[in-house]
Amino acid sequence: MQARLRFLSMTAAALLLLAPALHARPFKWASQGDVATWDIHAENNGLQNGIHASVYESLVHHNSRTFAVEPVLATSWKEISPTQVRFVLRQGVKFHDGSAFTADDAVFSLQRAMAKTSTFTLFTQGIRQVVKVDEYTIDVLLSAPNPVLLRQLTELRIMSRAWALKNRSVEPRDMKGRDENFAHRNAMGTGPYTLESWQPDVKMVFKRNPHWWGTMEGNVTEIVYTPIKSAATRMAALLSGEVDMVLDPAPQDLARLRANPEMKVVDGLEFRTIFLGMDQFREELPGSNVQGRNPLKDVRVRRALYQAIDAEAIARNIMRGLGKPNGTLVAPMVAGHTEAVGKRLPYSVEAAKKLLAEAGYPDGFEVDFACPNNRYVNDEAICQAVTAMWSRVGVRAKLRTLPLATYFPMIQRYEASIYMLGWGVPTFDALNTLQSLVRTVGAGADGNYNLGRYSHPRMDYLVDRIKGETDAPVRTRMLTEALQLSNDTVSHIPLHDQVIPWAMKRNVDLVHRADNRVDVRMVRVH
């Protein structure tokens with residue numbers, strides 16, 4: 001009897017140990033784009049940053065439900081002085097190769113993000129130096145007080161210094177060139193999942209990290225991400241059960257999905273604004289029929305292109321409710337936005353024609369127009385519609401579309417006269433947008449995505465003041481003034497803020513985020 005009880009007790013204990021594994025599930029999801037690199041400081045791209053976060057962690061992150069800043073690899077922080085912030089690091093954290101995370105890794109990674117080849121300098125703005133205090137303490141030294149430092153740090157993920165040194169990946173990969181480093185195709189972080197394999201444009205496989213220090217709210221042990229460019233193919237994959245979730249279902253499929261009892265759609269307004277940028281730097285545009293001058297340097301031409309676009313028609317007919325027209329470069333939940341600054345210029349073909357005639361182009365002109373075809377909701381269709389709208393005022397846009405893996409390096413080389421871009425704001429503060437998009441191209445993050453090379457002295461003054469302004473009301477007023485100046489000078493042509501629906505099987509539970517990132521730690525598959 002005693003032996004039998006002992007056997008039953010051992011069996012019960014074994015079942016208890018096995019219980020989590022029995023309920024654990026794989027999670028298969030898809031969207032239209034792939035990551036361009038696994039080097040965490042080489043290219044700032046929202047989809048990519050979200051996927052990287054399952055493998056690499058940052059010192060702090062945004063809570064997926066509240067977007068409050070919370071500890072991750074840092075457990076606490078305090079201001080030693082207005083320009084010195086001390087971070088206490090989490091002890092007992094291991095990288096995926098079993099090595100310990102220490103201050104050396106944090107210092108190395110933040111400095112790596114500041115490197116010349118990094119596109120994450122936007123998030124190191126204001127950081128003068130990072131120094132080690134002891135094995136689990138670092139100081140971030142600032143050039144001036146920085147009211148959004150913590151929100152910037154949410155985007156700076158941590159890499160093993162020893163791993164980077166061993167594998168010749170000390171500097172971020174230069175995405176404008178063709179040379180690869182080891183970190184481009186390989187990953188080794190501290191996060192809840194390990195990257196098992198990556199076949200570009202085919203699939204990525206992630207496995208649960210059994211030694212992760214954190215607590216998992218979800219139950220996913222394996223993740224398979226598949227980039228599927230075709231919307232129809234993505235939908236077929238979801239309906240057949242090949243994938244559990246699609247990040248970007250086509251607008252025309254939503255009614256059918258909402259009516260399907262086996263499916264559900266979760267949606268909300270994204271913090272990403274879609275806009276068009278214009279080359280305001282070259283004296284002559286490549287591929288244009290205008291010789292000896294650049295029409296896009298003239299604000300009247302830029303305003304004409306803006307007013308020739310019927311944003312409401314795009315929202316209604318192409319986006320089908322998944323785009324909310326906006327007249328400025330940031331969404332309503334971003335600090336600096338106001339209802340007044342978000343008001344669009346009126347759509348008017350006649351006004352556009354009049355402006356073009358005043359600028360000396362009564363018959364319009366030819367211009368290069370580049371767009372991605374697998375990055376934003378209906379990006380290619382939007383650009384086709386814009387091309388048709390411009391033709392009504394005589395502007396003959398020569399549209400070319402590219403997949404994001406080649407599109408982003410191309411526009412970063414300033415090889416497009418007019419281009420589409422979407423800008424999300426991970427800090428929820430308009431400085432992030434203003435410094436990247438409208439500050440004159442300079443050192444660090446200044447103008448790092450100002451791909452039309454717009455330049456205005458008042459804008460530069462405002463952005464530089466905002467960087468270190470700690471008086472909240474004064475700072476907010478300057479943010480709004482800078483956004484209005486961008487509107488008045490038509491630095492870009494804003495189109496709309498994306499409304500993001502996620503489509504999934506009924507047995508999937510997750511948290512929808514305004515930054516359109518899937519927090520895999522919170523996914524449950526029943």
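One is the number of the first residue; the rest follow in order along the sequence.
- From L462, atom CG reaches atom OG1 of T480 across 10.5 Å, with rounding to the nearest 0.5 Å.
- Taking CD of Q152 as the reference point, atom CG of N146 lies at 4.5 Å (rounded to 0.5 Å).
- Nearest heavy atom pair, residue W390 against residue L305, reads NE1-O, 2.9 Å.
- Side chains of E57 and T190: a donor on one and an acceptor on the other come within 3.5 Å.
- Ring geometry for F428 versus H62: interplanar angle over 60°, hence perpendicular rather than tilted (30 to 60°).
- Side-chain atoms of T387 come within 3.5 Å of backbone N or O of C383 as a donor-acceptor pair.
- Separating the CG atom in L495 from the CD1 atom in I382 is a distance of 7.0 Å, to the nearest 0.5 Å.
- No hydrogens or angles considered: a donor-acceptor pair under 3.5 Å links the side chains of N181 and D39.
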Side-chain donor-acceptor distances from residues 63-73 under 3.5 Å, at least two apart:
| residue | atom | partner | partner atom | Å |
| --- | --- | --- | --- | --- |
| N63 | OD1 | R65 | N | 2.7 |
| N63 | OD1 | T66 | N | 2.9 |
| N63 | OD1 | T66 | OG1 | 3.4 |
| N63 | ND2 | E70 | OE1 | 3.4 |
| N63 | ND2 | E70 | OE2 | 2.8 |
| S64 | OG | R513 | NH1 | 2.6 |
| S64 | OG | D519 | OD2 | 2.7 |
| R65 | NH2 | E217 | OE2 | 2.7 |
| T66 | OG1 | A68 | N | 3.2 |

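- Side chains of Y461 and R465: a donor on one and an acceptor on the other come within 3.5 Å.
- Both tests do not hold together for R272 against Y376: distance to the six-membered ring centre under 6.0 Å, angle to the ring axis within 45°.
- Between the side chains of H184 and T37, at least one donor N or O sits under 3.5 Å from an acceptor N or O.
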* Run the numbers on K354 and E350 for salt bridge (Lys or Arg N to Asp or Glu O under 4.0 Å), then give the verdict. => CA-CA 6 Å; K354 186 169 182 282; E350 290 311 309; over 6 Å; no
* So R86 and E79, salt bridge (Lys or Arg N to Asp or Glu O under 4.0 Å) or not? Walk me through it. -> CA-CA 6 Å; R86 178 159 294 172; E79 194 177 275; over 6 Å; no
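- There is no side-chain donor-acceptor pair under 3.5 Å between W502 and D248.
- Between Y225 and S31, the side chains place a donor N or O and an acceptor N or O closer than 3.5 Å (distance only, hydrogens not considered).
- T273 and D497 share a side-chain donor-acceptor pair at under 3.5 Å.
- To the nearest 0.5 Å, atoms OG (S436) and CD (Q125) are separated by 10.0 Å.
- Comment: K297 engages E283 in a salt bridge, judged by a side-chain N to carboxylate O separation of less than 4.0 angstrom.
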* To do: I would like to know whether D34 and K229 meet salt bridge (Lys or Arg N to Asp or Glu O under 4.0 Å); could you show each step before the answer?
  => CA-CA 9 Å; D34 196 7; K229 182 181 172 183; over 6 Å; no
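- Side-chain contact, D139 with Q84: a donor N or O sits under 3.5 Å from an acceptor N or O.
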* Asked: After noting the C-alpha distance and the side-chain angles of R517 and E155, does the key distance pass the salt bridge (Lys or Arg N to Asp or Glu O under 4.0 Å) rule?
  -> CA-CA 12 Å; R517 298 184 188 182; E155 288 298 273; 2.7 Å; yes
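- Judged by distance alone, the side chains of S109 and Y56 never bring a donor and an acceptor atom under 3.5 Å apart.
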